[in-house]
Each structure stands twice: as C-alpha cells, then as structure tokens.
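Okay, so here's the structure we're looking at.
Letters A, B, ... are given to chains in the order of the sequence lines, protein chains preceding strands, and every chain is numbered from 1.
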Amino acid sequence: MDRLLLLVDEISTWVGKTAGWCILILTLTTSYEVFMRYIFLAPTAWAFDASYMLYGTLFMLAGAYTLSRNGHVRGDFIYRSWAPAKQAKWDLVLYILFFFPGMIAFVYAGYGYAKLSWLTNEHSSASPFGPPVYHYKTLIPITGVLMVMQGAVEVIRCIKCIQTGEWPKRLHDVEELEKVVLEKAEHGEIQVVKELEELGVRKGNI
Amino acid sequence: MFGWGNPELGVLMLALFVVCIMFGFPIAFTLMALGVFFGYFAMGDLIFNLLVQRTYSVMTNDVLISIPLFVFMGYIIERANILDRLFRSLQLAAGPMPASLAIATLATCAIFATATGIVGAVVTLMGLLAYPAMLRAGYDPKLSAGVICAGGCLGILIPPSVMLILYGATAGVSVVKLYAGAFFPGIMLAGLYMLYTSVMALLNPKLAPQLPPEDRNVPLTTVLMALLTSFAPLAGLIAAALGSIIFGLATPSEAAAMGSLGAILLTIGYAADYSKPRNLWIVRTYGVLAGAFVVYLIVAAITHVEVDRYGVGAALFVTLIVGLALLPGTKFSFVQLKESVFLTARTTAMVCWLFIGSFTFSAVFAYLGGHEPIERFVTALNLSTTGFMILSQVIIFILGWPLEWTEIIVIFMPIFLPLLKTFNVDPLFFGLLVALNIQTSFLSPPVAMAPFYLKGVAPSWVNINDIFRGVLPFMLIVVICMIMLYTFPQIGLWLPNQLYR
C-alpha cells in the first residue's frame, strides 16, 4: 500500500518537474523573440503561440505535483491550530465533498472539449501562424486524471493520519528557503542565533 | 429552491464559500466545486462547458504568462547568495546617516524584495543577516524588527511585482499602467519608512546608536567600488526590466523573460571565482565596455541619434560570452537552477489553479446575478464615494488579518470591482490603494507572516509581542501613505497619465 502511495507521488512529481523545465524554455524562447524583433527586426511567427502553450503546460502538469507537496494555498488560520487528526478528518470530508466532484467534472468536461477539438482539427486563431491546439486542449483531461490520482493518494494519507494521529511522511524535495531556514533555526543549527542568545544573556547580566 | 431567485443563490454561494475557507481546504478546489455545484443547479449541463472554457482562458491568458517568468527570476536571485554583499555595500554607503544600519536594511529589503518578490525569504534572510548586525550594534530590538518586517513586504508593492499582475488579470487593468502607477507610491512608502526611522533615531539616539568611527568614515572610493560591484548590477537589472515595461519597449512577459536570463547571467557572474586573475580581467574589461556602451545609449537617447542595431546585438552577445566564460569557475550550480525551476513550477501551479477556481466561481456568480443584492445593499447604505472607499479599504484591511494577499486579490476583488463603476472610481487607482493596503496583511496578527518568520530566526529573548509592537508604527505609516495617495491621487496617476495619454 505504501509503495502504491509513493508510486503515485513519484508519477506526479516526475510529471510536474519535467513540465517545470518549460520555464527555462519559455525564458529562452521569449528572449530569442525579443532579440530577433528589436535588434534584427525579424520577429518569429511562432513565439506567441509557443509562449502560452509552454506556460499552460507548466502550470497544468505541475498541479498534481503541487498537490503532492501540499502546496495549494489554504485559508489556514484556524486549520493550522488543529491537531493533525482533526485536520485530516476535515480534509477527508472535503476531498470527498469538494475535490472529487469538481475534478471528475473537470475530467468529463475536458474530455468532451478535447475530443471536439481533435474531431474538428482545430487550429489556433490567436495568431496568423495558427498551430494546432488539440494537443494543448488534451492537457485538460490528462491533468484532471493526474489530479484525481493524486487526490486519491491524499485521501489515503488522511485516513492514515486519522488512525495514527500523525501526518505520513512525504517524499523529500526542495523546499522554500524560509521553510528550510526556519527548520534549521528551530533545531538550533544556526550559529548567528546562538551568538545572539549569548548577547541576551550578557545584557541580562549587566 | 425555497422560492429563492438566482441572485439570492449567488449570495448563498458566496456565504458558503466564506464559511468553507475556515476549514482550511485548498481554496482553488473549494472555489471550483462550489462553482460546479451551483452552476449545475442553475444552468444544468452548460456548466461543464463553462468550466473548461474558463480553464482554457487561464491557459491562454497573456497577462498571467508573466507570472512564472517573474517568479523564476525571483527564485534565481534568491538562491544567488548576493544578499550579504548587497547589505554590506549599502551599509557602507549609509555609514554617516543616523540609524545607518536600519536605513541600509530598509534599502536592501526594498531592492531585494523587489527583485525576488518572496516576502518570507526576504524576512528570514534579513533576520539572519541584518537583525544580528543591528542587535550587536545596540539597536532597539523592536525598531529593528519593525524595519525588517516592513521592508520585506515592499516587494509586493514596488514594481515589477507579481501582486500587480494578479490584480491586473483580475480587474482587467493594464499591468503596464499599474506598474507605472505603483512606482511613486512604492518609492514614497519606502522613503517614509526611512524618514520615520531616522527621525526616531535623532529624537532618541538610544534606539539606534551610531556605529564605531571606523565603520562610519569609510573612504569614498571603497564605498563607490562596493556599490558598483554589489548594488549596481542588481539595481540595473530591475531598472532595465521595469523601465522597458513602463516605457513600452517590451511587454511584461518579455521583460520578465529578459530579466530571468539577466538574473542567471548575474548569478553566474556573482558566484564566479575571482581568485583566478583571468576572471577578474574579463569582468573588469567587460565592466569598462558596458559602462561606455550605456553612456553611448543614454547620449543617443538624449540627442535622438539612431542607435546602431548591430552595436546593440554585439553588446548583448558580449554579455552572453562573458557569462559563459565565467561559467566554469562559478559556484552557481545546476542544483541551484533545478531548485529554482521546481519551486517556480509549484508556485505557478498554485497561483494559476487559484485562477481556474476563481474564474469558474465568478462566472457562475455573475450568471446567477449575485452582484445585484450586494449592489442593492451597498446603494441602500447611501455612501458617498469617499465613504465607499473607506469602507472597502477597511474591509480589505480586515480580510488581511486571516487571509493572505493572493486570496484577497483573486477572490474578493471580483466582488468589489463591479461596485467601482457605481461610485465612479478608477480601477487603476483602486488597485494602487489595495496594493498599499495589502502590505498590512503580512504584518497584522493572527496570520502575520512577516513577524512570525522573523520570530522563527530571532533569539529566544526577543518576544513576539515586541516584534508586533515594533511593526505597529510601520502599519500606521502604510495608512498615512494611503491617506496621502487618496488625497493626492496624482502621486500614483501622474506617471501613467503622462506616459499613456
């Protein structure tokens, strides 16, 4: 069971991280377009379509990865103060009540949307270049399926948490700088903070 | 249902959403689910169409494209280890001023927060760098804490900020105009922070004792060299990105892409190994050439001389070569790049999924006509324009206590926006006030991100209440700044009006 959990995590993470490299490509293609247009007066035809497709691919496919890192923003001013088991109970209820109906509607609607686009051989009307967009639209149902899979894993995490009273561990991954620093400070691993503690003691003595 | 009309359903949907936020479930999915439920009830199968179309409109949104690019630039700079050098150079420059360390802290915060846009990172890093420096110099812990927390939040106001992009996408206001508009209010707020700090230091020198003379009387050449090598490149990068947007040379996404590329080159250059004489030689030569080229460009701009395109191309090419030449000796590693890429993916996904939820939710809300009862209610209050402005800003201020700015902008702005027309308020002007107001959402308890982050890296003898007490005057300055902007709208509107008539 654990292995299945982590396997789904790994799939989401791999897809998300791979899609993440779109940002580097987006940086380079957009810079290239700027060079060509302003300096050589020869704008590329494909840059506009490429830019939104890269951006869309990036955030759609990274959605499940973000979910696997618990990275979707919560209004957690009350949630934060709850015990893990209580957090898990409410999460469980709301995953079933909100997440799955919404995401299943997303997959269902996205499937029809993409299918129609394939059938009509749809091309972009946003630029004269007009590349096909059916691949791009197919991302919607694919993302939906990834999200449903990751959501199922999160539900299992909630159940485990309710049983054990502790959130199960997640895969190790890069974290926001402030999180890393705060954790280090909490474990007393930062030299500067220690020195300051001594400064306070000295002041107290004087 | 229960003999209710659609508009009442809309209000019910909104009320349910506000209740559901409390349970701490990811907001994007809550919005999407409520949109789908109420939409299905009101329009049947059409909701599925609406859902994908709204999603696709986020996927092809040409305003939101700049978000991942600016976020990427921010993460690259955040991980570039340039903060301590930046702080030290500004500290040297501020040497003779009253409360010089605090002034240097504010300036460092302002520029670093503007470049990265990540409040948490700025506050924790400065909490480890500037806070100990100020405490050791005998500064008041409260004042020092206030300076770091307030300074760390400047990044969401001073353009190029991601917050203004989000507001632009939500309100349909041009991001370019917002950037031009937020420029002077941002400078004004940072200036008022500095003014307050120095006045306090002059009134009560115990709050911020002067530094020892050897730190105060640094030779001018040393200061200039430090500024030139540590402050100028980063400031130049931001100025170039912002300038090209404001003067209409590039779209925000183009400027952001060039900014990211510039940030990568800058990071490579900063992290290069200068013990090798070859690297030092390359950079010195490049510095002289680049300086001469910038002078040439400025002269050309003033005298309206046609700039040689191939000259510009060659300059950019040389920049790239210098960056690559330093690559082998640089400490900037593939790991840093990878981390920035992955964090960018997560942050972008978080923001854009919030938009998918919010676009769906607000489309259903508009279909149900949920605005009508709210508008009727507000009209019945018989407010003047000033009354409405005060009321709305107070509401946003209070929303800032429990919520973060992303949620306020993406979810609650769509409710205020239709009312702006009723009261004849320019959405651009409203956005500037909101951008100022949201500074306080990081500072006010119970979800005061900045003070809590600082507390996390502060020694145990600094109390969280001390930090809050230190932050309070700076919150008052934000309010004063808002009043000034409201009384003299030209502070914000002059530049956009001047540039885009």
Side-chain angles (χ1 to χ4, degrees), chain A residues 16-17 19-21 23-24 26-27 30-31 34-35 39-40 51-52 55-56 58-60 62-63 65-66 69 71-79 87 90-91 94 98-99 101-102 105-106 108-110 112-113 126 137 140 174 176-178 181-182 185-186 190 192-193 195-197 199-200, chain B residues 21-30 32-33 36 48-49 51-52 55-56 59-60 62 65 68-69 72 78 120-121 124 128 132 135-136 250 253-254 257-258 260-261 309 312-313 316 339 341-346 348-350 352-354 402-403 406-407 446-447 453 456-457 459-461:
Chain A
K17 284 185 169 176
W21 288 102
I23 186 62
L24 196 64
L26 181 60
T27 303
T30 310
S31 303
V34 174
F35 274 62
I39 296 168
F40 300 109
S51 67
Y52 72 75
Y55 141 82
L58 168 69
F59 84 80
M60 289 296 274
Y65 169 44
T66 309
R69 302 301 312 166
H72 284 287
V73 59
R74 298 164 179 264
D76 59 356
F77 50 105
I78 300 174
Y79 181 87
Q87 292 181 340
W90 276 106
D91 268 4
L94 293 176
F98 283 168
F99 182 84
F106 194 76
Y108 167 74
Y113 194 59
K137 285 189 172 175
I140 300 178
V174 46
E176 299 278 349
L177 198 69
E178 60 263 28
V181 172
L182 288 177
E186 204 178 323
I190 296 179
V192 183
V193 182
E195 281 167 27
L196 285 180
E197 297 285 0
L199 188 75
Chain B
I21 281 190
M22 313 268 185
F23 296 116
F25 196 65
I27 292 176
F29 308 127
T30 309
M32 202 159 120
V36 169
F48 297 117
N49 249 324
L51 176 63
V52 274
T55 306
Y56 195 64
M59 288 167 73
T60 51
D62 56 353
I65 291 185
L69 290 163
F72 185 50
E78 177 203 272
T124 43
L128 288 179
L135 291 182
R136 273 192 215 115
S253 61
E254 286 168 354
M258 297 295 286
S260 300
L261 194 64
R309 290 180 186 287
V312 179
L316 292 168
E339 287 180 348
V341 166
F342 298 157
L343 287 172
T344 306
R346 263 146 62 182
T348 310
M350 185 269 277
C352 293
W353 275 90
L354 200 57
L403 297 177
T406 18
E407 301 144 29
V447 188
Y453 281 146
V457 293
S460 56
W461 50 273

Note to self: Testing the basics here: between B:Ala345 and A:Gly16, what is the closest heavy-atom pair and its distance to 0.1 Å?
What the structure shows: CB-O, 4.3 Å

Checklist line | Among B:Ala250, B:Ala28, B:Ser460, residue most engaged with chain A (heavy-atom pairs, under 4.5 Å) | finding: B:Ser460

Item checked: Among the listed options B:Ala33, B:Gly24, B:Gly456, B:Pro68, the residue most often paired with chain A at heavy-atom distances under 4.5 Å -> B:Gly24

Check: Atom OH of A:Tyr55 and atom OG of B:Ser253: how far apart are they, to the nearest 0.5 Å?
Finding: 11.0 Å

Notebook entry, point to check: Which pair of heavy atoms, one from B:Arg346 and one from A:Val174, lies closest together, and at what distance?
Noted result: NH1-O, 3.0 Å

Note to self: Walk me through whether A:Tyr113 and B:Thr55 qualify under side chain to side chain contact (heavy atoms under 4.5 Å, CB included).
What the structure shows: CA-CA 11 Å; A:Tyr113 194 59; B:Thr55 306; over 6 Å; no

Checklist line | When A:Gly112, A:Ala62, A:Ala19 are compared by non-hydrogen pairs under 4.5 Å with chain B, the top option | finding: A:Ala62

Margin query: What I'd like to find out is whether the side chain of B:Phe72 reaches to under 4.5 Å of the side chain of A:Leu24, using heavy atoms alone.
Written below: yes

Check: Of the backbone (N, CA, C, O) and the side chain (C-beta and beyond), which part of A:Tyr52 lies under 4.5 Å from a heavy atom of chain B, both, or neither?
Finding: both

Note to self: Tell me which of these, A:Ala105, A:Gly110, A:Gly56, has more heavy-atom pairs under 4.5 Å with chain B than the rest.
What the structure shows: A:Ala105

Next item on the list: Work out which heavy atom in B:Pro26 is nearest to a heavy atom in A:His72; give both atom names and the distance.
Entry: CB-CB, 3.9 Å

Notebook entry, point to check: Which bit of A:Leu58 is near chain B, if near means a heavy-atom gap under 4.5 Å: side chain, backbone, both or neither?
Noted result: side chain

Notebook entry, point to check: Testing A:Phe99, A:Phe106, A:Phe98 for ring-ring contact (aromatic ring centres under 6.0 Å, His included) with B:Phe29, which one passes?
Noted result: A:Phe99

Check: Taking atom OG of B:Ser260 and atom CG of A:Leu26, what is their separation to the nearest 0.5 Å?
Finding: 8.5 Å

Next item on the list: Examine whether an atom of B:Leu354 lies under 4.5 Å from a heavy atom of chain A, and if so say whether it belongs to the side chain, the backbone or both; otherwise answer neither.
Entry: side chain

Next item on the list: Measure the shortest side-chain to side-chain distance between A:Phe59 and B:Met350 over non-hydrogen atoms and say whether it is less than 4.5 angstrom.
Entry: no

Next item on the list: Over all heavy atoms of both residues, which pair between A:Ser31 and B:Ala257 is shortest? Give the atoms and the distance, please.
Entry: OG-O, 3.6 Å

Notebook entry, point to check: Which atom pair, heavy atoms only, marks the closest approach of A:Thr30 to B:Glu254?
Noted result: CG2-CA, 3.8 Å

Item checked: Full working for side chain to side chain contact (heavy atoms under 4.5 Å, CB included) between A:Tyr79 and B:Phe25 -> CA-CA 9 Å; A:Tyr79 181 87; B:Phe25 196 65; over 6 Å; no

Check: Non-hydrogen atoms of chain A under 4.5 Å away: do they reach the side chain of B:Thr30, the backbone, both or neither?
Finding: both

Next item on the list: Apply side chain to side chain contact (heavy atoms under 4.5 Å, CB included) to A:Glu176 and B:Leu343, showing your working.
Entry: CA-CA 7 Å; A:Glu176 299 278 349; B:Leu343 287 172; 4.1 Å; yes

Margin query: If you count heavy-atom pairs within less than 4.5 Å of chain A, which of B:Leu128, B:Leu316, B:Thr348, B:Ile65 leads?
Written below: B:Ile65

Checklist line | Engaged part of B:Glu407 at the chain A interface, taking heavy atoms whose separation is under 4.5 Å | finding: side chain

Notebook entry, point to check: CG of A:Asp91 to CZ of B:Phe23: how many Å apart, nearest 0.5 Å?
Noted result: 11.5 Å

Item checked: Proximal component of A:Trp21, with respect to chain B [non-hydrogen, under 4.5 Å] -> both

Next item on the list: Pick one of side chain, backbone, both or neither for B:Thr344, based on which atoms fall under 4.5 Å of a heavy atom in chain A.
Entry: side chain

Item checked: Residue B:Met258 versus chain A: region with a heavy atom under 4.5 Å -> both

Notebook entry, point to check: Of the backbone (N, CA, C, O) and the side chain (C-beta and beyond), which part of A:Val73 lies under 4.5 Å from a heavy atom of chain B, both, or neither?
Noted result: both

Next item on the list: Mind checking the CE-OH spacing from A:Met60 to B:Tyr56? Nearest 0.5 Å is all I need.
Entry: 10.5 Å

Item checked: Partner chain A: residue of B:Thr406, B:Val36, B:Asn49, B:Leu261 with the largest heavy-atom pair count (under 4.5 Å) -> B:Leu261

Item checked: Options A:Ile78, A:Val181, A:Asp76, A:Val34, ranked by heavy-atom pairs under 4.5 Å with chain B, top entry -> A:Val34

Next item on the list: Assess whether side chain to side chain contact (heavy atoms under 4.5 Å, CB included) is satisfied between B:Thr124 and A:Leu177, documenting all intermediate values.
Entry: CA-CA 8 Å; B:Thr124 43; A:Leu177 198 69; 5.7 Å; no

Margin query: Applying ring-ring contact (aromatic ring centres under 6.0 Å, His included) to B:Phe48 and A:Tyr108, what does each step give before you reach the verdict?
Written below: CA-CA 8 Å; B:Phe48 297 117; A:Tyr108 167 74; 5.0 Å; yes

Notebook entry, point to check: For B:Met59 and A:Ile140, which heavy atoms make the closest approach, and how far apart are they?
Noted result: SD-CG1, 3.8 Å

Check: At a heavy-atom separation under 4.5 Å, does B:Leu51 approach chain A through its side chain, its backbone, both, or neither?
Finding: side chain

